[in-house]
**Q** 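Structure incoming, see below.
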Amino acid sequence: MNAKMKRRLVAVSGIIVIVLILVLAFVGGNSAAKTVSVAEAAEIADPGQKIQVSGNVVTDSYSTSGNVLSFSIYDPDGDPGTQLEVRYGGAAASTFGNDVTAICTGKVGDDGVLEASELVTKCPSKYESATDALTVGQLLGYGDGVTGKMVKVAGEVEPGTLKAAGQGERLALVDPETGESFPVAFDGALSDEVADGSAVVLTGSLGADGTFDATDVALEG
């Protein structure tokens, strides 16, 4: 290789290195999300800035339209009256629900709504003893006599029935001994440990339509 070709190779290599540095800087600058509070996100001046904000889901603020989940969050350590509306086009986890901590990443649009590209929910584990709980079979065996009465019932999450909040029936509770089951309605947040086959204890009442309206869902422990 002569001296001219060596100089040309060095020059080309230098250009490639510069281009790679610029590309990495551009990608890194656009992928990094600035962490802000709910109050800061609600007053953000740069709609194009990618941000990450954490807050608790405002009770009964969520709704779904097509595949889009809309809800509002607030800062539990700040002013509860300051809220941020969020839209998320992905599938919400079963841990999503009222007052659960939601970590949202995205950009605030001109309408002041955070268009989230990522949504992570956190719900603390909750355990409940099943010592004084009815089984699914026992509860159903009482017939209409127990309809509308507050009870505690234990069973397992029927595989394939877990859904996120806002999608109607949340899960089905099955009696592992008899195979009897009923659908469960619940608007709160489930622990991320609740999965297919999990042993759980529910507090609530059985409706006339056969759906159990739960006020609390805990892991059996």
Side-chain angles (χ1 to χ4, degrees), residues 55-73 76 86 88-103 119-221:
N56 286 21
V57 176
V58 176
T59 299
D60 297 333
S61 67
Y62 55 83
S63 62
T64 54
S65 178
N67 293 322
V68 179
L69 172 67
S70 299
F71 59 97
S72 296
I73 58 175
V86 181
Y88 178 63
S94 61
T95 51
F96 183 86
N98 287 335
D99 214 38
V100 70
T101 299
I103 303 173
L119 172 62
V120 178
T121 53
K122 290 185 175 181
C123 181
S125 297
K126 183 188 290 186
Y127 293 88
E128 179 76 26
S129 171
T131 301
D132 56 348
L134 297 171
T135 65
V136 174
Q138 288 173 330
L139 179 62
L140 294 177
Y142 282 111
D144 295 338
V146 76
T147 300
K149 295 183 178 180
M150 191 65 66
V151 296
K152 189 159 71 170
V153 58
E156 294 182 356
V157 176
E158 186 171 350
T161 64
L162 269 176
K163 296 179 182 178
Q167 298 185 38
E169 296 168 358
R170 197 68 179 280
L171 56 91
L173 190 71
V174 62
D175 190 322
E177 298 297 327
T178 66
E180 296 173 281
S181 66
F182 51 67
V184 178
F186 180 60
D187 290 329
L190 296 175
S191 166
D192 57 9
E193 294 180 48
V194 175
D196 288 350
S198 292
V200 293
V201 179
L202 313 184
T203 301
S205 59
L206 191 64
D209 63 352
T211 299
F212 190 86
D213 186 12
T215 58
D216 185 70
V217 177
L219 290 160
E220 183 178 333

**Q** Over all heavy atoms of both residues, which pair between Ser61 and Ser72 is shortest? Give the atoms and the distance, please.
**A** OG-N, 3.2 Å
**Q** For Gly155 and Leu173, which heavy atoms make the closest approach, and how far apart are they?
**A** C-CD1, 3.6 Å
**Q** Is there a donor-acceptor pair closer than 3.5 Å between any side-chain N or O of Ser198 and the backbone N or O of Val200?
**A** no
**Q** Taking the side chain from Asn56 and the backbone from Pro76, do they hold a donor-acceptor pair closer than 3.5 Å?
**A** no
**Q** Which atom names give the shortest non-hydrogen contact between Thr147 and Gly207, and what distance separates them?
**A** CG2-C, 3.8 Å
**Q** Would you say Leu162 and Leu190 make side-chain contact, with heavy atoms under 4.5 Å?
**A** yes
**Q** Atom CG in Leu202, atom CG in Leu134: separation rounded to 0.5 Å?
**A** 11.5 Å
**Q** Is the CG atom of Asn67 crowded by more than 12 outside heavy atoms at less than 6.0 Å?
**A** no
**Q** Looking at Val68, is its backbone amide N or carbonyl O close enough to the side chain of Ser65 to form a donor-acceptor pair, meaning the two atoms are under 3.5 Å apart?
**A** no
**Q** For Ala102 and Ile73, which heavy atoms make the closest approach, and how far apart are they?
**A** CB-CG2, 4.3 Å
**Q** Please work out whether the ring planes of Phe71 and Phe96 are parallel, tilted or perpendicular, with thresholds of 30° and 60°.
**A** perpendicular
**Q** Taking Arg170 for the side chain and Lys163 for the main chain, is one N or O donor matched with an acceptor at less than 3.5 Å?
**A** yes
**Q** So, using side-chain contact (heavy atoms from CB on, under 4.5 Å) as the criterion, who are the partners of Val174 when residues are at least two apart?
**A** Glu156, Glu158, Ser181
**Q** Name all residues meeting the salt bridge (charged side-chain N to carboxylate O under 4.0 Å, His left out) criterion together with Asp132; count only those two or more places apart in sequence or in a different chain, and write none if there are none.
**A** Lys152
**Q** So, do Val86 and Val57 sit near enough that their side-chain heavy atoms are less than 4.5 Å apart?
**A** no
**Q** Does anything in residues 212-221 form a side-chain hydrogen bond (donor to acceptor under 3.5 Å, both in side chains)? List the pairs, not counting sequence neighbours.
**A** Lys126-Asp216
**Q** Closest approach of Val136 and Val153, non-hydrogen atoms and distance?
**A** N-CG2, 3.9 Å
**Q** Output the distance between atom CG (Leu206) and atom CG (Leu140), rounded to the nearest 0.5 Å.
**A** 6.5 Å
**Q** Can you name the closest pair of heavy atoms from Ala218 and Glu128 and give their distance?
**A** CB-CB, 3.6 Å
**Q** Determine whether Asp187 and Tyr62 make a side-chain contact, defined as any pair of heavy atoms from C-beta on separated by less than 4.5 Å.
**A** yes
**Q** Drop me the distance from Thr135's OG1 to Glu180's CD, to the nearest 0.5 angstrom.
**A** 8.0 Å
**Q** Nearest 0.5 Å, what's the CG-OG1 distance between Asp196 and Thr161?
**A** 6.5 Å
**Q** Quick check for you: to the nearest 0.5 Å, what is the distance between Phe186 atom CZ and Asn98 atom CG?
**A** 8.5 Å
